[in-house]
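What follows is a set of notes on a single structure, which appears directly below.
Just so you know, ligand 1 is whichever comes first in the structure, and atom 1 is the first atom listed for that ligand. Atom set for the values below is all heavy atoms of this structure, side chains included, hydrogens, waters and symmetry mates excluded.
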Amino acid sequence: MALYVQKFGGSSVADAECMQRVAQRVYDTQQAGHRVVVVLSAMGKTTDNLINLSKQVNPQPDEREMDMLLATGEQVSVAILAMALHAMGAEAVSMTGPQAGIATDSAHTKAKIMGINPERVIENLDKGRIVIVCGFQGLAPSMDVATLGRGGSDTTAVALAAALKADRCQIFTDVDGVYTADPRTVSEARKLPVIAYDEMLELASLGAKVLQSRSVEFAKKYGVELEVLTSFDRIPGTIVKEEVDDMEQIVVRGVAADKNQAKVTIQRVPDQPGVAARLFQELAAANVNVDMIVQNVSEHGITDISFTVPRDEVNRTRSTVDKLLESLGAAGATYDVDIAKISIVGVGMRSHSGVAYRMFEALSNNKINVEMISTSEIKISVVIRSAYADQAVQVLHKAFELDQANA
Ligand code: ASP
Ligand code: MG
């Protein structure tokens with residue numbers, strides 16, 4: 001008898017029919033002789049709709065009240081699933097995050113899970129019940145409900161799996177696994193049977209929106225093996241787990257495009273100690289997430305500094321940078337939103353050489369110009385014109401033979 005945590009996202013519980021499909025799946029797992037804890041998201045677009053509703057009465061809603069509001073979405077889901085299970089003759093009980101013993105810090109709308117007391121969940125499992133828990137919420141020290149940030153139900157599922165020492169944490173969604181590239185861009189993209197936590201983290205932050213990054217970090221920290229799979233079909237998904245030796249045989253596991261970046265260039269700044277420190281200190285203070293940074297070769301003591309930021313932070317960046325230009329002694333600044341960041345990721349890069357060369361060669365053979373480069377141990381990213389983003393992903397997917405089953 002194994003203990004399963006099964007999490008279903010909003011699209012998997014969007015309506016009554018979906019709920020029945022989920023109920024059947026969950027019940028089958030229990031009937032196969034397992035203990036089952038279910039974590040649910042709000043139905044369909046409920047969370048978005050609640051946010052819109054709040055904005056209609058107050059452009060800047062209080063965060064405690066926002067959590068009161070958003071937490072209702074998941075509460076609807078768990079009660080409806082419990083009812084669907086009862087109708088099938090199953091024993092099931094629903095719980096809010098606080099009832100399930102999930103304690104958070106007090107950062108409303110972006111709270112972190114501080115601990116879980118799973119006693120009540122275990123008591124109910126011991127009685128033969130399926131336990132259905134609201135994702136995305138817990139109890140703050142003030143005894144108020146707090147939510148974990150968008151997509152937070154994944155984190156609830158992983159945290160519960162860790163606290164309960166579950167044998168498996170399955171994340172059901174509307175895609176059937178993690179792919180070598182976005183299948184909408186690359187028709188030969190393949191579903192990966194397995195991927196390392198670190199690779200998944202890189203791909204998640206690159207915009208492969210399969211799992212919330214925080215949930216993967218949590219899973220890595222507590223050694224919880226995840227499986228990402230679809231709730232619409234009964235087929236195996238992708239396992240996300242600790243890296244094992246033979247995973248390094250594959251150099252590149254996936255290619256991703258991030259089209260939500262912008263490039264900022266500060267022109268003609270004096271090449272002196274303290275300039276970069278000052279600039280990036282001010283940007284950090286303005287809460288701008290700087291990603292890649294490149295400083296050009298200087299000529300006559302003057303240089304250009306370029307960096308990338310998320311596109312929706314361009315305005316904040318502009319107001320910070322424009323104020324600084326004069327005191328930095330810079331000639332001006334440009335803001336370019338027509339870029340894309342293309343990355344290749346794989347733990348095999350640690351033990352293989354020549355990966356960067358193959359990447360640049362493939363791009364240049366297709367006349368795609370590289371404007372910026374950054375690397376880490378398991379990732380190489382380049383900035384290119386956004387118009388070439390899809391083509392670059394296709395070219396790299398082919399160059400690294402990701403369409404081959406053993407690649
Ligand atoms: N319902 C929340 C959201 O839409 C949490 C989740 O789906 O994981 O962000
Ligand atoms: Mg959701």
Seminar exercise, completed: Under 4.0 Å from one or more heavy atoms of G151, ligand 1 contributes atoms 3 (C), 5 (C), 6 (C), 8 (O), 9 (O)
Seminar exercise, completed: R150 heavy atoms within 4.0 Å reach ligand 1 at atoms 3 (C), 4 (O), 9 (O)
Should [X] be counted as touching ligand 1, given the test is an N or O pair under 3.5 Å?
X	answer
D154	no
G149	no
K7	no

Exercise. Is the shortest side-chain N to carboxylate O distance from D154 to R214 below 4.0 Å?
Worked result: no
For this session: Please indicate whether Y388 has more than 12 foreign heavy atoms, meaning atoms of other residues, nucleotides or ligands, lying under 6.0 Å from its OH.
Result: no
Exercise. Is it true that atom CE of M88 has more than 12 heavy atoms of other residues, nucleotides or ligands lying nearer than 6.0 Å?
Worked result: yes
Problem set entry | Charged tip of R25 within 45° of F172 ring normal and under 6.0 Å | no
For this session: Work out which heavy atom in A157 is nearest to a heavy atom in K7; give both atom names and the distance.
Result: CB-CB, 3.6 Å
For this session: Write down the atom of I384, the atom of V370, and the distance for their closest heavy-atom approach.
Result: CG2-CA, 4.4 Å
For this session: Between Q212 and ligand 1, find which residue part has any heavy-atom pair under 4.0 Å and reply side chain, backbone, both or neither.
Result: neither
Exercise. Are G135 and ligand 1 in contact, using a heavy-atom cut-off of under 4.0 Å?
Worked result: no
